[in-house]
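Values in this document were obtained by computation on a predicted structure and should not be read as measured data.
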Amino acid sequence: MEVVIRDNPEAMAKLAAELIAEVVRRKPKCVLGLATGSTPVVTYKELIRLHTQEGLDFSRVTSFNLDEYVSLPPEHDQSYHYFMHENLFKSININPKNTHVPDGMAKDIPAFCRWYEEQIVKAGGVDVQLLGIGSNGHIAFNEPGSSLGSRTRVKTLDEGTRQDNARFFKSMNEVPKYAITMGIGTIMDARQLILLANGAGKAEAIQKTCEGPITAIVPATVVQLHPKATIIVDKAAASKLSREYPAEPRVLVLQ
Ligand code: PGA
């Protein structure tokens, strides 16, 4: 696991997009694991720029998203289907048939979750998984206490997570209570992880993730076990780290 500190979210996004683009160029038929939330938006902007200005080709890429709210239809402006379409898919040449976001409207959620896992395997597994982190240390919607070996399933959202996300809804009542999320075991199966965090609100979660003991109470700490994980943070999110970290990621040199 390595930690890279950048001056601001734009510089973080440049690096994250460069790492993803490197995978797409090396393996045009790759599988990307994608995330939602405010953090990855800047990375998606940079990927769109790489597509439009530098011809980065997504035509053979497959994608799987981490999570989706239960009971929000895809056309709801706070659904993650909608988010992905607006923030990335509509602006690059990915084939919509090759994009996957969990179906929050699935009638049989356990069957859907099994199907989702099977589709990831059938596609060849995730080559690079982008991750945000919750202020409580969650990854995707794997809230504190989630099994570190968990697979795709439905989870009840923590009250704090609902409050963090309430800014996107008209009222707290409208914030969904449940989500379908890839499990921590599912995420850890990806060949490469890129975890992004910016802002002081993430500083404590980042300190625990990078320097604390591995614990289900802070699910993101599991990335310490991953053989190829890069944590990209801005100075505010890095403010509680106690060790010195190198300025450049090794993975760029090794690939
Ligand atoms: P954020 O969410 O990017 O909106 O801060 C991250 C997360 O909860 O995983």
Whether the side chain of N142 engages the backbone of M182 through a donor-acceptor N/O pair (distance < 3.5 Å, no angle test) should be reported. yes
Straight-line distance of S38 OG to N87 CG, nearest 0.5 Å: 10.5 Å
Tell me if a side-chain donor or acceptor on R153 pairs with a main-chain N or O of P110 at a distance below 3.5 Å. no
When you measure from the side chain of E143 to the backbone N and O of D158, does any donor-acceptor pair fall under 3.5 Å? yes
Measure across G33 and V126 and return the closest heavy-atom pair with its distance rounded to 0.1 Å. N-CG1, 3.6 Å
Looking at D57 and S59, would you say the former's side chain and the latter's main chain have a donor-acceptor pair under 3.5 Å? yes
Is there a donor-acceptor pair closer than 3.5 Å between any side-chain N or O of T221 and the backbone N or O of T215? yes
Minimal heavy-atom distance between A35 and P40, with the atoms involved, is O-CG, 3.6 Å
How long is the gap from CG on N165 to CD on Q163, to the nearest 0.5 Å? 10.5 Å
Given R49 and K14, is the side-chain contact (heavy atoms from CB on, under 4.5 Å) satisfied, shown in steps? CA-CA 10 Å; R49 192 196 66 76; K14 266 212 167 316; 3.9 Å; yes
Minimum heavy-atom distance between V61 and N98, given as atom pair plus value: O-CB, 3.4 Å
How long is the straight-line distance from NE2 of H81 back to OH of Y69, given to the nearest 0.5 Å? 14.0 Å
Checking I5 against K235 for the side-chain contact (heavy atoms from CB on, under 4.5 Å) test, could you report, in this order, the C-alpha distance in whole Å, the side-chain angles of both residues, the deciding distance, and whether it holds? CA-CA 6 Å; I5 303 169; K235 292 207 161 125; 4.2 Å; yes
From CD1 (I94) to CE (M84), nearest 0.5 Å: 8.0 Å
Could you check if a side-chain atom of I120 sits within less than 4.5 angstrom of a side-chain atom of V31, using non-hydrogen atoms only? no
Determine, stepwise, if the pair R6 / N198 fulfils side-chain contact (heavy atoms from CB on, under 4.5 Å). CA-CA 10 Å; R6 286 285 183 262; N198 56 260; over 6 Å; no
For atom CZ of R167, is the number of surrounding heavy atoms from other residues, nucleotides or ligands below 6.0 Å larger than 12? yes
Keeping the roles fixed (side chain from Q192, backbone from K228), state whether a donor-acceptor pair exists under 3.5 Å. no
Where does the angle between the aromatic ring planes of H138 and F141 fall among parallel (under 30°), tilted (30 to 60°) and perpendicular (over 60°)? perpendicular
Check the pair K122 / E118 against salt bridge (charged side-chain N to carboxylate O under 4.0 Å, His left out), numbers first and verdict last. CA-CA 6 Å; K122 231 164 118 182; E118 282 161 20; over 6 Å; no
Any chance you could lay out the salt bridge (charged side-chain N to carboxylate O under 4.0 Å, His left out) test for K208 and E204, step after step, and finish with the verdict? CA-CA 6 Å; K208 288 177 178 162; E204 194 176 332; 3.2 Å; yes
Check the hydrophobic clustering (I, L, V, M, F, W, Y; side-chain heavy atoms under 4.5 Å; chains of links allowed) and say if M12 and I20 are grouped together. yes
Could you report the tightest heavy-atom contact between P73 and S71, atom names first, then the distance? CD-O, 3.5 Å
Whether R60 side chain and P28 backbone form a donor-acceptor pair below 3.5 Å: no
According to the interplanar angle, ranging from 0 to 90°, do the rings of F83 and Y44 count as parallel (below 30°), tilted (30 to 60°) or perpendicular (above 60°)? perpendicular
Between K90 and E86, is the salt bridge (charged side-chain N to carboxylate O under 4.0 Å, His left out) condition met? List the steps. CA-CA 6 Å; K90 74 174 187 188; E86 288 301 308; 2.9 Å; yes
Is it true that atom CD of E244 has more than 12 heavy atoms of other residues, nucleotides or ligands lying nearer than 6.0 Å? no
Separation between CD (Q129) and CG (L32), nearest 0.5 Å, reads 9.0 Å
Is any side-chain N of the basic residue among D189 and R151 closer than 4.0 Å to the acidic one's carboxylate O? yes
Take the angle between the ring planes of Y116 and H100 and call it parallel below 30°, perpendicular above 60°, tilted in between. perpendicular
Give a yes or no on whether W115 and I187 share a hydrophobic cluster (residues Ile, Leu, Val, Met, Phe, Trp, Tyr; joining criterion: side-chain heavy atoms under 4.5 Å apart). yes
Decide yes or no for L148 and L225: does some side-chain heavy atom of the first lie under 4.5 Å from some side-chain heavy atom of the second? no
Measuring only between side-chain heavy atoms, which start at C-beta, is L196 closer than 4.5 Å to V42? no
Looking at every heavy atom in both I231 and C210, which two are closest together, and how far apart are they? CD1-SG, 3.9 Å
Within the 4.5 Å heavy-atom criterion, are M105 and H76 side-chain neighbours or not? no
Contact between R25 and L56 at the side-chain level, heavy atoms closer than 4.5 Å - yes or no? yes
Tell me whether E117 contacts the main-chain N or O of T186 through its side chain, where contact means a donor paired with an acceptor under 3.5 Å. no
Applying the 4.5 Å side-chain criterion to the ILVMFWY set and letting contacts propagate, would V154 and L157 be lumped into a single cluster? no
I want to check something: taking the side chain as every heavy atom from C-beta on, are V128 and L19 in contact at a cut-off of under 4.5 Å? no
Go through the steps to decide whether V222 and I139 satisfy the test side-chain contact (heavy atoms from CB on, under 4.5 Å), and finish with yes or no. CA-CA 10 Å; V222 76; I139 43 175; 4.1 Å; yes
Decide whether I92 and Y80 are clustered together by the hydrophobic rule: side chain heavy atoms of Ile, Leu, Val, Met, Phe, Trp, Tyr closer than 4.5 Å, transitively. yes
Heavy-atom side-chain proximity of N95 to K97 below 4.5 angstrom: yes
Return the CD1 to CZ distance between I48 and F89, rounded to the nearest 0.5 Å. 10.5 Å
Cluster question for you: counting only ILVMFWY and a side-chain heavy-atom cut-off of under 4.5 Å, with indirect links fine, are L195 and L47 together? no
With no hydrogens and no angle check, is any side-chain donor or acceptor of D234 less than 3.5 Å from a backbone partner on G199? yes
Would you mind reporting whether D103 and I180 have side-chain heavy atoms less than 4.5 Å apart? no
Using the salt bridge (Lys or Arg N to Asp or Glu O under 4.0 Å) criterion, which residues pair with K27? Sequence neighbours excluded. D127
Would you say E46's side chain and L15's backbone share a donor-acceptor pair under 3.5 angstrom? no
List the atom of H51, the atom of F58, and the distance in Å for their closest heavy-atom pair. CB-CE1, 4.0 Å
